[in-house]
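Have a look at the structure below before the remarks.
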Amino acid sequence: MQLLHAPSWPHLSFQTSDRNSKGGLLSLEKCLQPSTANCSFQPQKLERSIWVSHKRNFFCFCATKATSVEAGSSAASSGTAEGDVLKALSQIIDPDFGTDIVTCGFVKDLLIDEASGEVSFRLELTTPACPIKDMFEQQANEVVARLPWVKKVTVTMSAQPAKPIFAGDLPAGLQRISNIVAVSSCKGGVGKSTVAVNLAYTLAGMGARVGVFDADVYGPSLPTMVSPENRLLEMNPEKRTIIPTDYLGVKLVSFGFAGQGRAIMRGPMVSGVIDQLLTTSEWGELDYLVIDMPPGTGDIQLTLCQVVPLTAAVIVTTPQKLAFIDVAKGVRMFSKLKVVQQFGIPHLFDLPIRPTLSASGDSGTPEVVADPQGEVAQTFQNLGVCVVQQCAKIRQQVSTAVTYDKSIKAIRVKVPDSEEEFLLHPATVRRNDRSAQSVDEWTGEQKLQYGDIPEDIEPEEIRPMGNYAVSITWPDGFSQIAPYDQLQMIERLVDVPQPTAVQS
């Protein structure tokens with residue numbers, strides 16, 4: 001999917017700056033358990049939705065992410081000191097995947113001094129907001145300290161740098177954002193902006209680097225709900241980029257901070273403004289960018305869904321039938337855009353409507369900041385935990401969905417949320433390209449012929465593209481976009497070749 005860059009819009013004015021930019025509630029334990037609910041919500045570009053309604057509980061998803069193993073130079077045999085430490089650490093199981101932290105690749109920089117009995121290592125988690133990082137640190141200290149020859153254990157906690165799940169050419173402003181979470185309702189007045197802002201500050205309180213983008217040009221809510229010292233967006237005159245404002249460590253961008261108030265303009269112009277505000281802002285490294293979506297299913301929503309590689313969504317509604325009808329329309333919009341495949345409610349949490357929550361939205365201080373120990377803050381904490389875990393699960397599933405196995409010269413495919421793994425012949429995948437270079441868009445005539453592709457062709461690189469496809473680079477320089485649903489339709493390998501030695 002090609003990302004369109006909007007031109008600079010003359011009706012946006014900014015304060016320029018010469019400085020450079022840097023820029024019954026479910027308990028936590030229950031959230032950490034894998035859900036056994038019947039889920040009919042199948043992922044495609046948008047992996048999951050998190051439903052929020054104004055009742056008693058929030059419903060959320062829970063997951064953590066696994067990465068490749070890297071502890072010292074190699075995973076040593078159990079007979080060595082390094083092997084003893086890794087074996088001890090492998091007792092610590094990730095509660096969601098049922099996989100130990102060594103296999104997950106969390107153990108880094110393992111150093112051992114057998115003479116003094118000192119052991120040090122780093123646990124690199126997927127996000128600084130990991131809700132069980134303290135548990136991992138404590139258990140790692142305990143299991144290694146039990147080794148008879150160990151006298152001192154030093155554990156350092158860290159997190160992976162922010163990086164997008166999307167492998168394509170993203171606008172510069174979005175290239176260092178790990179997760180983009182849309183908060184949507186498609187119905188005005190149900191508390192969507194309240195959820196978006198309080199979720200953002202909850203994630204920040206958990207240790208994450210967070211930004212909020214207010215996508216409502218006609219009636220921006222962010223300037224009322226937060227109170228930044230600088231209430232005007234600045235523009236970097238050299239880079240022609242927008243410098244977000246900041247409140248309590250969270251980066252903020254809203255049309256309401258552009259000195260324009262509320263806009264009076266037609267749809268296409270609004271889409272261009274949204275594109276400019278979002279993609280040319282200097283967001284820097286963010287773990288989560290929360291997008292407060294405007295009501296409706298018009299141009300702005302379409303622009304955001306097509307330009308932004310969404311990781312997950314929080315959908316807000318009230319129990320009234322009128323509100324829920326509009327929410328259903330919004331989910332169907334995501335479905336038509338291949339953001340989701342089916343409309344379903346896999347989990348549900350309810351949020352009580354309280355006067356303090358409404359008042360905090362008018363005062364410029366989010367409720368989770370004004371009363372961090374209150375019931376509302378605890379509810380948002382539970383939601384934040386589940387958002388963090390689900391985003392991590394999505395990234396892990398996508399990163400390993402399609403890989404090339406050189407030992408058997410086959411492409412392995414395991415679509416997210418599917419237990420089935422199957423093999424594809426690389427030449428068959430290349431011959432099934434459906435782009436304009438291979439198939440005439442007007443006549444449907446096949447331009448790429450069977451004999452054009454050698455039988456022994458191998459992919460040079462396979463990279464995820466959001467949650468719905470991969471980009472495959474071939475030796476002739478061609479970059480093929482292969483959606484998961486297309487890969488599932490291709491003829492599969494039945495007679496799997498014997499593994500061959502792979503030269504390093």
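No hydrogens, no waters, no symmetry mates; every other heavy atom, side chains included, goes into these values.
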Do [X] and [Y] come close enough that some side-chain heavy atom pair is under 4.5 Å?
{"X": "Val402", "Y": "Ile411", "answer": "yes"}
{"X": "Phe257", "Y": "Pro228", "answer": "yes"}
{"X": "Pro366", "Y": "Thr202", "answer": "no"}
{"X": "Ile490", "Y": "Val413", "answer": "no"}
{"X": "Leu222", "Y": "Pro220", "answer": "no"}
{"X": "Pro131", "Y": "Val388", "answer": "yes"}
{"X": "Val470", "Y": "Tyr484", "answer": "yes"}
{"X": "Pro294", "Y": "Tyr218", "answer": "no"}

Which heavy atom of [X] sits nearest to which heavy atom of [Y], and what is that distance?
{"X": "Ala215", "Y": "Ile274", "result": "O-CD1, 3.3 Å"}
{"X": "Val376", "Y": "Glu367", "result": "CG1-CG, 3.7 Å"}
{"X": "Ser360", "Y": "Ser363", "result": "O-OG, 3.0 Å"}
{"X": "Leu383", "Y": "Val195", "result": "CD2-CG1, 4.5 Å"}
{"X": "Leu487", "Y": "Phe422", "result": "O-CE1, 3.7 Å"}
{"X": "Val197", "Y": "Met225", "result": "CG2-SD, 3.9 Å"}

| request: Mind running side chain to side chain contact (heavy atoms under 4.5 Å, CB included) on Gln138 and Asp134 for me, showing each step along the way? | output: CA-CA 6 Å; Gln138 178 184 349; Asp134 292 339; over 6 Å; no
Spacing of [X] atom [atom1] and [Y] atom [atom2] [to the nearest 0.5 Å]:
{"X": "Ile180", "Y": "Leu289", "atom1": "CD1", "atom2": "CG", "answer": "5.5 Å"}
{"X": "Ile462", "Y": "Ser471", "atom1": "CD1", "atom2": "OG", "answer": "9.5 Å"}
{"X": "Asp362", "Y": "Thr224", "atom1": "CG", "atom2": "OG1", "answer": "7.5 Å"}
{"X": "Leu252", "Y": "Asp246", "atom1": "CG", "atom2": "CG", "answer": "6.5 Å"}
{"X": "Tyr247", "Y": "Asn230", "atom1": "OH", "atom2": "CG", "answer": "14.5 Å"}
{"X": "Met135", "Y": "Cys130", "atom1": "CE", "atom2": "SG", "answer": "8.0 Å"}

| request: Please step through side chain to side chain donor-acceptor pair (under 3.5 Å) for the pair Asp214 and Ser254, ending with a clear verdict. | output: CA-CA 5 Å; Asp214 183 357; Ser254 171; 3.1 Å; yes
| Counting distance only, does the side-chain N/O of Lys192 pair as donor-acceptor with the main-chain N or O of Asp292 below 3.5 Å? |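 Judged by distance alone, no pair lies under 3.5 Å.
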| query | Has the side chain of Gln488 got a donor or acceptor atom that lies under 3.5 Å from a matching backbone atom of Val415? | reply |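 No.
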| How far apart are the C-alpha atoms of Thr127 and Asn179, what are their side-chain angles, what is the distance that settles it, and do they pass the side chain to side chain contact (heavy atoms under 4.5 Å, CB included) test? | CA-CA 10 Å; Thr127 170; Asn179 303 284; over 6 Å; no
| Intermediate values then yes/no, side chain to side chain contact (heavy atoms under 4.5 Å, CB included), Phe121 and Val155 | CA-CA 5 Å; Phe121 54 89; Val155 182; 3.5 Å; yes
| request: Assess whether atom CD of Gln373 is packed by more than 12 heavy atoms of other residues, nucleotides or ligands within 6.0 Å. | output: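 Not buried by this count: 12 neighbours or fewer within 6.0 Å.
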| Yes or no on side chain to side chain contact (heavy atoms under 4.5 Å, CB included) for Leu174 and Leu278, after CA distance, side-chain angles and deciding distance? | CA-CA 8 Å; Leu174 304 180; Leu278 177 61; 4.2 Å; yes
| For Asp287, which residues count as a salt bridge (Lys or Arg N to Asp or Glu O under 4.0 Å) partner, sequence neighbours excluded? |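 Applying salt bridge (Lys or Arg N to Asp or Glu O under 4.0 Å) to Asp287 gives Arg209.
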| Do the side-chain N and O atoms of Asn382 and Gln378 include a donor-acceptor pair separated by under 3.5 angstrom? |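 Yes, a side-chain donor-acceptor pair sits under 3.5 Å.
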| said: Among residues at least two apart in sequence or on other chains, which ones pass side-chain contact (heavy atoms from CB on, under 4.5 Å) with Arg412? | reply: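 By the side-chain contact (heavy atoms from CB on, under 4.5 Å) rule, Arg412 matches Thr403, Asp405, Ile408, Glu421, Leu423.
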